[in-house]
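Presented below is the structure to which this report refers.
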Amino acid sequence: MGPAQRDSGPHCPLLLHATRWGWGRRFREHWTTAGPLPHPAGQEFALPSNSAEFRAKLTLKLPLFPLLSGLCFGLACLRGAKLLSCSVCWPITPAMCPWVLLGAEQGLGGLSGPACLPSTFLGYRLGSTWQPAEHQAGSDPVAFSALGLVSSPAASPQQHSARVTALLWAAPAGQCLVCARKPWDTVSGPAPRRPLPWPPPSPPRARKLWEKFRRESKVQAARRRAAMARHCGVRAAGLWARLGTGCPSHWLWGWHLSPGLSGARLAHAGAADQLQREYDAVVIGAGHNGLVAAAYLQQAGVRTAVLEKRHVLGGAAVTEEIVPGFKFSRASYLLSLLRPQIYTELELQRHGLRVLPRDPYSFTPLLEDRSPPRSLLLGHNMAQTQRQIAQFSQKDAQAYPEYEAFMGRLVSALDPLLDAPPADTAALGQGSLLQRLRALRALQPLLRAGLALGQQLPRYYEVLTAPISKILDQWFESEPLKATLATDAVIGAMASPHTPGSGYVLLHHVMGELEGQRGAWGYVAGGMGALSQAIARAAAARGAHIFAEKAVCHVLLGRDGRAQGVTLQDGTEVRSKLVLSNASPQITFLELIPQEQLPKDFVQQIQQVDTRSPVTKINVAVDRLPSFLAAPNARDGQPLPHHQCSIHLNCEGTHLLHQAFTEATHGHPSSRPMIELCIPSALDPGLAPRGCHVVSLFTQYTPSVLAGGRPWDEQARNAYADTVFDCIEAYAPGFKASVIGRDILTPPDLERIFGLPGGNIFHGGMSLDQLYFARPVPSYSGYRSPVPGLYLCGSGAHPGGGVMGAAGRNAAQVALQDFRRL
């Protein structure tokens, strides 16, 4: 039985979804095979799956029809087997087996009529996942009616199957999700539709961890099922319109086909072709927090739309090709802080996220008279790190492991605070006694943190409140080590190592982890935009509608002052019961909401939030790797271990960082700025043409407003960039000659392009007076706002900035609690 011949042509992979059975548990399986399927060896063949290998045994003969019915019934209720061997027997005539489910392999590309699939689809259950197997058969295609699959067309007659993507819904044993007759069988007449049970049975009791968000009242469940029933016919008609011609719509009733994700719009299969005028929730801004919030809301059954003003999703976590052929993580450039729960609950790895860990992770070359100059290389191998530190101080080398353990205990104690809303202190003094006791439960994470620190609490309190220079002086004596560690305490902050409270910013940057390694940072394969795309795919796969180039101009308010949706710049109104803003507090409350609708003291507090930014980001395309005097390049020009690191320049001592800060406070860009240089293409060569590299320069200090009120015009930007390049040239001669192009983003540019207030990468300073209970302002730290139905889900809310996702996840939880009370 060889592969059947058929026409080839450019066609999009199809996605098949069951929209009728929203009450059920969903299982998703992706299976891809390139080239022709294997010929059966005897009566068996094996196909690889992304879950496990399995074998299917097929016997094609002409037995009695009841055997097929019994087998379908048995396969629908099978549970738990990791390896299943099936002996399948059926008649190959339409009269004997009229209930077949057909995939359309042609019609989306050229809008021609559907052609028959020369394949037999067999689906059965392996563990908790439905596994599809495709068998080549010269006979008519037959499929089990309790399952649904669709196959993309072959790229050539020799390539039998390119991709199979299925979304399968678990149904009660023996009940059919959807049935269809063969479109070319016009003699027998249309196939009748098998009756579906109503009301549908209860969903399975076993739930995944994230499914706690899916709990709903009986009334809400009934409304959702009724809405699904109303829209089934519309979706079937939409499918029919895509196919152009063929079988009547009732043959594919309850299913929807979509050719995938478009450029300006990401939408889950089953979404409308246009922005709908009403949703349960609208998220303003498709930054990573907004996308995370949308994924969790949609996962809980709340119909959600995300509206992004730019042409690209991700907010500050984007990949853009500024110089032709060079892909830059234009704003944020490293990953570590993203919460582990989000990785697993949204299945980001499955949606394409791939992280490239770095080891070693920090490289600090020095400018010295000696030849070659010394450098400090830090990595996860403690013995090697201690040998590096011992170049400068044997005492520091011995103290470093204890310092790491000390900071690790503090991080472990504070880490749970990131995943829950801050305690509502106002609720402690309001309401009944029972309500006050419930409010006390919100203090549990804070109390646990204090208990975890135990007798060391006074020392840890000092870390949070004192200047980081004071803390580091207590542990170490070598300036290069102290300056290198101090960069994490001042990065992104208009603060000096001598500024009180700078210790918390250091903790904020060591709270993350990668692949179980605490404090590790890495690059995202494809740039930071690949992370945002993975979150967007996760949200779209759950049903969220995500639109780019849809700028929101203000939030709609009802007569009772409640948020009722948004208005776009083109005048379109989108109604919703919930509005979540991923924009900064300044944009949300000072631009999108009429200030007369807000308390005066609240408006004043928002206006007083410290949003000063010291950051200028420069993205550089170079034709070769920088070669540092302290660590020259290899002869073949290939990356060395230090090239994958964060390379700290002008960090010979903390006094240099303080000097750069002082210059910026007087309105002058630093003459010797702190520079963190990263080369992500050292681990991800696909970001640049062969032999070339992309370089990220995160520099500070630069004031938002220059002395004398001068603007950051093109001359001022280029003058500062030249200063930065001169500094790099001193450490790595030849760097300036290797530059192909550059993209300079001063604080005003960061605000204009990415909506960062004042250019602040955290949507507001991370000082102690703007954290936890007071973020963004006191009494409104729990994501709710003075406007009922409006929530803050961006970095301006707890727990703050960085590519963390915690604000989006926490805000979704709070919004869901309120939604269930509506």
Side-chain angles (χ1 to χ4, degrees), residues 317-323 325-336 353-365 375-381 384-385 388 484 487 491 512 514-515 517 519-531 617-649 651 675-699 724-725 727-729 731-743 803:
V318 292
T319 301
E320 296 188 63
E321 188 172 329
I322 307 301
V323 179
F326 294 82
K327 300 174 183 177
F328 296 100
S329 293
R330 198 177 183 193
S332 61
Y333 55 100
L334 286 171
L335 185 66
S336 172
L353 176 62
R354 189 164 64 94
V355 181
L356 307 173
R358 308 181 306 168
D359 189 17
Y361 56 83
S362 175
F363 176 65
T364 306
S375 63
L376 177 62
L377 188 68
L378 304 180
H380 298 301
N381 186 309
Q384 293 180 4
T385 297
Q388 286 283 316
T484 299
T487 58
I491 194 164
L514 284 180
E515 299 181 352
Q517 180 69 50
W521 290 76
Y523 300 118
V524 177
M528 291 298 289
L531 167 65
K617 175 77 186 301
I618 307 177
N619 300 298
V620 188
V622 296
D623 61 12
R624 59 184 178 273
L625 282 169
S627 181
F628 296 92
L629 293 174
N633 287 357
R635 290 184 178 180
D636 59 4
Q638 294 301 308
L640 297 175
H642 68 273
H643 284 122
Q644 65 183 274
C645 298
S646 292
I647 302 173
H648 303 286
L649 306 181
C651 290
I675 302 171
E676 182 172 291
L677 184 153
C678 293
I679 313 172
S681 53
L683 291 181
D684 188 8
L687 296 176
R690 185 176 180 85
C692 299
H693 290 273
V694 295
V695 176
S696 168
L697 301 176
F698 193 88
T699 73
V724 172
F725 283 21
C727 291
I728 300 174
E729 186 77 13
Y731 290 91
F735 174 80
K736 293 168 65 175
S738 70
V739 173
I740 298 174
R742 64 188 187 184
D743 172 42
V803 184

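Computed from heavy atoms alone, side chains included, the values below leave out hydrogens, waters and symmetry copies.
Across Trp521 and Gly519, no two heavy atoms sit closer than the pair CD1-O, 3.2 Å. When all heavy atoms of Asn633 and Leu640 are compared, the closest pair comes out as CA-CD1, 4.1 Å. Cys651 and Thr487 get closest at one heavy-atom pair: SG-CG2, 3.7 Å. Phe725 approaches Ile618 most closely through the heavy-atom pair CE1-CG2, 4.3 Å. In plain terms, the two heavy atoms of Pro365 and Ala630 that are nearest each other are CB-CB, 4.0 Å. Taking all atoms of both residues into account, the shortest heavy-atom contact from Ser336 to Ala520 is OG-O, 2.6 Å.
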Start with the C-alpha gap between Ile728 and Leu697, add the side-chain angles, then the distance that decides, and say whether side chain to side chain contact (heavy atoms under 4.5 Å, CB included) holds. CA-CA 10 Å; Ile728 300 174; Leu697 301 176; 3.7 Å; yes
For Arg358 and Cys678, what are the C-alpha separation, side-chain angles and deciding distance, and is it a side chain to side chain contact (heavy atoms under 4.5 Å, CB included)? CA-CA 11 Å; Arg358 308 181 306 168; Cys678 293; 4.2 Å; yes
Pair Ile740, Phe326 - check side chain to side chain contact (heavy atoms under 4.5 Å, CB included), show working. CA-CA 10 Å; Ile740 298 174; Phe326 294 82; 3.7 Å; yes
Which is it for Ser681 and His693 under the side-chain hydrogen bond (donor to acceptor under 3.5 Å, both in side chains) test, yes or no, and what are the steps along the way? CA-CA 6 Å; Ser681 53; His693 290 273; 2.7 Å; yes
Candidate pair Gln517 and Tyr361, rule side-chain hydrogen bond (donor to acceptor under 3.5 Å, both in side chains), full reasoning: CA-CA 12 Å; Gln517 180 69 50; Tyr361 56 83; over 6 Å; no
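No donor-acceptor distance shorter than 3.5 angstrom exists from the side chain of Asp743 to the backbone of Asn619, with no hydrogens or angles considered. Here the side chain of Asn381 pairs a donor or acceptor atom with the backbone of Gln384 at under 3.5 angstrom. Formation of a donor-acceptor pair under 3.5 Å by the Ser627 side chain with backbone atoms of Pro632 is not found in this model. Distance alone, capped at 3.5 Å, places no donor-acceptor pair between the Asp684 side chain and the Tyr523 backbone. With Gln644 contributing its side chain and Leu683 its backbone, the two residues share no donor-acceptor pair below 3.5 Å. Without hydrogens or angle criteria, Lys617 side chain to Arg330 main chain gives a donor-acceptor distance under 3.5 Å. In terms of modelled atom types and a separation under 3.5 Å, the side chain of Ser329 and the main chain of Met528 share a donor-acceptor contact. Distance alone, capped at 3.5 Å, is enough to place a donor-acceptor pair between the Thr319 side chain and the Gly526 backbone. Between the side chain of His643 and the main chain of Gln638, no donor-acceptor pair closer than 3.5 Å is present. In terms of modelled atom types and a separation under 3.5 Å, the side chain of Glu321 and the main chain of Phe328 share no donor-acceptor contact.
Here the OG1 atom belonging to Thr484 is positioned 10.5 Å from the CG atom belonging to Leu377, to the nearest 0.5 angstrom. With rounding to the nearest 0.5 Å, the separation of CD1 in Ile679 from OG in Ser646 is 10.5 Å. Note: Ile675 CD1 to Ser696 OG = 11.5 Å, rounded to the nearest 0.5 Å. Between Thr385 atom OG1 and Leu376 atom CG the span is 8.5 Å, to the nearest 0.5 Å. Atom CD of Glu676 sits about 10.0 Å away from atom CG of Leu649, to the nearest 0.5 Å.
His642 and Phe363 have tilted rings, their planes meeting at an angle from 30° to 60° on a 0 to 90° scale.
Looking only at side-chain heavy atoms (C-beta outward), Ile647 and Tyr731 stay at 4.5 Å or farther from each other.
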